[in-house]
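Quick note on labels: first sequence line is chain A, next is B, and so on, each numbered from 1. Values below: every heavy atom of this structure, side chains too, minus hydrogens, waters and symmetry copies. Every value quoted in this text rests on a predicted model; they were computed, and no experiment measured them.
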2 protein chains.
Amino acid sequence: MRADAQRKMASLLQSAMEVFRTSGVDAPVREIAEKAGVGLGTVYRHFPQRSDLIVAVFKNQIDACADAASDIASKYEPGEALARWMQRYVDFIGTKRGLAAALHSGDPAYSALPVYFNKRLRPALKTLLDAAVAARVVRPGIEADDLLRAVATLCHGPHGQEPVYARRMVELLVDGLRYGAGRESTGP
Amino acid sequence: MRADAQRKMASLLQSAMEVFRTSGVDAPVREIAEKAGVGLGTVYRHFPQRSDLIVAVFKNQIDACADAASDIASKYEPGEALARWMQRYVDFIGTKRGLAAALHSGDPAYSALPVYFNKRLRPALKTLLDAAVAARVVRPGIEADDLLRAVATLCHGPHGQEPVYARRMVELLVDGLRYGAGRESTGP
DNA sequence: GTTGCAAACGGAACAATGTTCCGATTATTA
DNA sequence: TAATAATCGGAACATTGTTCCGTTTGCAAC
């Protein structure tokens, strides 16, 4: 791929991410192209359909969120790491205004996303969760899937003041995990 | 209102309902106008915004579903009536392809719908539920709100084979209600 | 039955937006 | 530096929500 093509591609993804966060995933393609300093043709060369751009941005952010797990794990003790990553995950979900609707619309263009979502995020959370359980700061017996889904649901509750509400609810959830952490015996 | 206006209005609502059921709420207004044998201008005279038409159809169907409760209650014994109305409600929710998304989009055009939804459907279900509890064919302690929400959620589960899946899940739910029905004492 | 008119109608025209297409531009390489 | 092939930009097209206005029509007064 030519050097300039790579630059435009990166600029495009970056701008799309910002526009989607600002105006939701229904923002016009023209707005994204303009913000990226790129022609419409260029956008459609890289992403033949509007949905392809959305999918690319979304995968990008899934990756970033998943990768953040090991970064955070190396900087904080297990309980704090879990709590911080959960908030990181809330931020991620929070920027998805309108995407949930597209996902549930049955449009086959998005059918690969949920799979990718679980494939990347579940192991990331599971690692943090296992570490916290091993350190006895979080109770065992909670599935990573369930947590991911619960938080995603919480983030789509009452609209309007999502950010604060969601963060508080997830804090509660994590505190719930912490409650009664050390009650199991050490081993057989 | 002029007689012809009433006719066109009725035809419009009827056609809109059918088109929405067939093609989802995102169907073009032109398609509805054509099916109703009506000009575009007529549609927009009655419903200044596309969303107004959607809201009108939806309220119409909420009313029909709520009114069905007393009909069914007069024809079947309480337990059967509850079960039948629940399936009627499933049918109603099932035709709402795409509407849930619109509802959760935050568009203020739809903000009155959830209120109306609860105002009409909750009393309808509550009556059936109370009767079934009084007849000791269903356990007490279940809130109408929770049932309505649970069923609505079930209907939007795995897409593709919704109809069968939803009906079966709701059957299960009702059977769950029946289980252990007569266990309370008759009175103080 | 005729007539007048206000209301309702129909569809052309406009605006916004996804998508396609092609001449102009530019990075790459010999 | 020049040839070339990939890339770019934006004009043009298609679809769809919305507006506008000349035409038609139900209704009431005579």
Nucleotide [N], atom [atom2] - distance to [atom1] of [X] in whole Å:
X       : N      : atom1 : atom2 : value
A:Leu53 : C:dT19 : CG    : P     : 11 Å
A:Phe47 : C:dT20 : CZ    : P     : 15 Å
A:Asp4  : C:dA27 : CG    : P     : 6 Å
B:Lys8  : D:dT24 : NZ    : P     : 14 Å
B:Arg30 : D:dT15 : CZ    : C1'   : 8 Å
B:Tyr44 : C:dA13 : OH    : P     : 18 Å
B:Glu34 : D:dG17 : CD    : P     : 14 Å
B:Ile32 : C:dG10 : CD1   : P     : 15 Å

Below 4.0 angstrom, N of the basic side chain to O of the carboxylate: do [X] and [Y] qualify?
X       : Y       : result
A:Asp4  : A:Arg7  : no
A:Arg30 : A:Glu34 : no
B:Asp63 : B:Lys59 : no
A:Asp71 : A:Lys75 : no

Original post:
Hey, which of these two, B:Ala3 or B:Arg45, hits DNA chain D nearer its 5' end, going by closest nucleotide?
Top reply: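 Going by which nucleotide is closer to the 5' end, it is B:Arg45.
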Subject >> Short side-chain N/O contact from A:Thr42 to OP1 or OP2 of D:dG9, under 4.0 Å >> reply: yes
Original post:
Would one find a side-chain N or O of B:His46 under 4.0 angstrom from OP1 or OP2 of C:dA8?
Top reply: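 B:His46 to C:dA8 OP1/OP2: no side-chain N or O under 4.0 Å.
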Subject >> Given DNA chain C, 5'-ward residue of the pair A:Gln49 and B:Ala5, judged by closest heavy atom >> reply: B:Ala5
Subject >> Whichever of A:Ser51 and B:Gly37 has its nearest DNA chain C nucleotide further upstream toward 5' >> reply: B:Gly37
Original post:
Checking B:Arg178 side chain against B:Gly79 main chain: does a donor-acceptor pair fall under 3.5 Å?
Top reply: yes
Original post:
So what does A:Arg2 hit on the nucleic acid, given a heavy-atom distance under 4.0 Å: a base, only sugar-phosphate, or nothing?
Top reply: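 Base contact.
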